[in-house]
Amino acid sequence: MNFIIPNWLIITSGVGQIFTALIYPYIRHHVFDWYNDVKQLKPLNQEIAKTYGRYIQGLNFSFGLIAIVFTNELKEQSALAVALTGLIAAYWVGKVATQIAYYPMYDIPKRKLFKIGSYGMNTLFVLFALVNTLLFLHNLIGHYKLI
């Protein structure tokens, strides 16, 4: 399995991941009315929910920055490249699986912008999962000389 993952694709994925981190507060506030829902929780649970939201935002931003700054290193088939791309791939594959399994049960506001945005975001999530899974497989196969 000797394939080349183009740098432009990895960088595009990185830019998209940073975009998701930057747009995340808007989506929480304007699409999901998240802050009003969180206010109904006990104070400690409010802080926990906000903290996890920041973790998600921070991970998306960090993974994007890693993809942009360390593009070649993500393909070098080292043990660290295997571990890091495996982590990022698992994160995004888990996100896509969660999106498919649970999110259709909830009602997203019907505004056209939100509908188009949901298709756009889901497309980005699939892109992130695919790019990072390909990187992981490339690194795994190359590092352990599986083929």
Side-chain angles (χ1 to χ4, degrees), residues 1-35 37-38 44-109 111-147:
M1 185 171 173
N2 192 9
F3 57 91
I4 304 291
I5 301 149
N7 284 356
W8 66 264
L9 185 58
I10 297 167
I11 291 168
T12 299
S13 175
V15 169
Q17 289 172 85
I18 289 173
F19 170 77
T20 64
L22 296 177
I23 198 75
Y24 189 65
Y26 174 84
I27 292 170
R28 281 190 311 214
H29 184 66
H30 292 287
V31 178
F32 297 122
D33 195 27
W34 189 77
Y35 295 101
D37 290 343
V38 169
L44 177 60
N45 290 336
Q46 287 180 27
E47 291 307 314
I48 291 169
K50 291 175 188 175
T51 299
Y52 283 124
R54 291 182 199 111
Y55 284 158
I56 291 167
Q57 195 173 1
L59 284 171
N60 293 2
F61 189 89
S62 298
F63 291 159
L65 195 59
I66 288 167
I68 293 167
V69 175
F70 299 109
T71 307
N72 290 320
E73 290 82 353
L74 288 174
K75 301 191 294 185
E76 69 183 9
Q77 299 181 328
S78 66
L80 184 57
V82 171
L84 186 55
T85 56
L87 169 69
I88 298 170
Y91 176 87
W92 286 113
V93 168
K95 170 62 176 161
V96 170
T98 301
Q99 197 87 3
I100 292 167
Y102 297 109
Y103 289 10
M105 293 186 286
Y106 300 103
D107 193 29
I108 294 176
R111 288 182 49 196
K112 188 173 185 175
L113 174 66
F114 297 159
K115 191 71 167 170
I116 292 169
S118 72
Y119 290 129
M121 293 300 283
N122 287 333
T123 300
L124 285 174
F125 299 151
V126 170
L127 172 71
F128 307 154
L130 287 173
V131 168
N132 288 289
T133 298
L134 287 174
L135 280 168
F136 173 64
L137 293 173
H138 167 76
N139 288 321
L140 186 70
I141 290 166
H143 182 72
Y144 293 104
K145 298 175 185 18
L146 298 174
I147 293 182

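Note that the structure is a prediction, hence the values are computed from the model and not measured.
Pairing each heavy atom of Leu127 with each of Ser13, the nearest pair is CD2-CA, 4.3 Å. Closest of all the heavy-atom pairs between Arg28 and Gln57 is NH2-OE1, 4.1 Å.
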Next on the checklist: Checking Lys50 against Trp34 for the side chain to side chain contact (heavy atoms under 4.5 Å, CB included) test, could you report, in this order, the C-alpha distance in whole Å, the side-chain angles of both residues, the deciding distance, and whether it holds?
Outcome noted: CA-CA 10 Å; Lys50 291 175 188 175; Trp34 189 77; 4.2 Å; yes
Item to check | Intermediate values then yes/no, side chain to side chain contact (heavy atoms under 4.5 Å, CB included), Leu65 and Gln17 | outcome: CA-CA 8 Å; Leu65 195 59; Gln17 289 172 85; over 6 Å; no
Next on the checklist: For a side chain to side chain contact (heavy atoms under 4.5 Å, CB included) check, start with the C-alpha distance between Glu73 and Leu84, then their side-chain angles and the critical distance, and finish with the verdict.
Outcome noted: CA-CA 10 Å; Glu73 290 82 353; Leu84 186 55; over 6 Å; no
Next on the checklist: For a side chain to side chain contact (heavy atoms under 4.5 Å, CB included) check, start with the C-alpha distance between Ile23 and Met121, then their side-chain angles and the critical distance, and finish with the verdict.
Outcome noted: CA-CA 10 Å; Ile23 198 75; Met121 293 300 283; 3.9 Å; yes
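Considering only heavy atoms from C-beta on, Phe70 stays 4.5 Å or farther from Lys75 through its side chain. Between Lys95 and Phe128 there is no side-chain heavy-atom pair separated by less than 4.5 Å.
For the pair Arg111 and Phe114, the distance from NZ or CZ to the six-membered ring centre is under 6.0 Å and the angle to the ring normal is within 45 degrees.
Pairs passing the side-chain hydrogen bond (donor to acceptor under 3.5 Å, both in side chains) check and including a residue from residues 118-132, sequence neighbours excluded, read Gln99-Asn122. Among pairs with a residue in residues 3-17, none fulfils salt bridge (Lys or Arg N to Asp or Glu O under 4.0 Å), at least two apart in sequence or across chains. Listed by first and then second residue, the side-chain hydrogen bond (donor to acceptor under 3.5 Å, both in side chains) pairs involving residues 59-71 are Thr20-Asn60, Asn60-Tyr91 (not counting sequence neighbours).
Between the Gln77 side chain and the His138 main chain, a donor and an acceptor come within less than 3.5 Å of each other.
Judged as a salt bridge (charged side-chain N to carboxylate O under 4.0 Å, His left out), and not counting sequence neighbours, Lys115 has no contacts. Residues passing the side chain to side chain contact (heavy atoms under 4.5 Å, CB included) test with Val15, sequence neighbours excluded: Ile11, Ile68. Every residue was checked against the ring pair (Phe, Tyr, Trp, His ring centres under 6.0 Å) condition with Phe136, not counting sequence neighbours, and none meets it.
Note: Tyr55 and Tyr52 have perpendicular aromatic rings, judged against thresholds of 30 and 60 degrees for the angle between ring planes.
Side-chain contact of Thr51 with Glu47: a donor-acceptor pair under 3.5 Å is absent, judged by distance alone.
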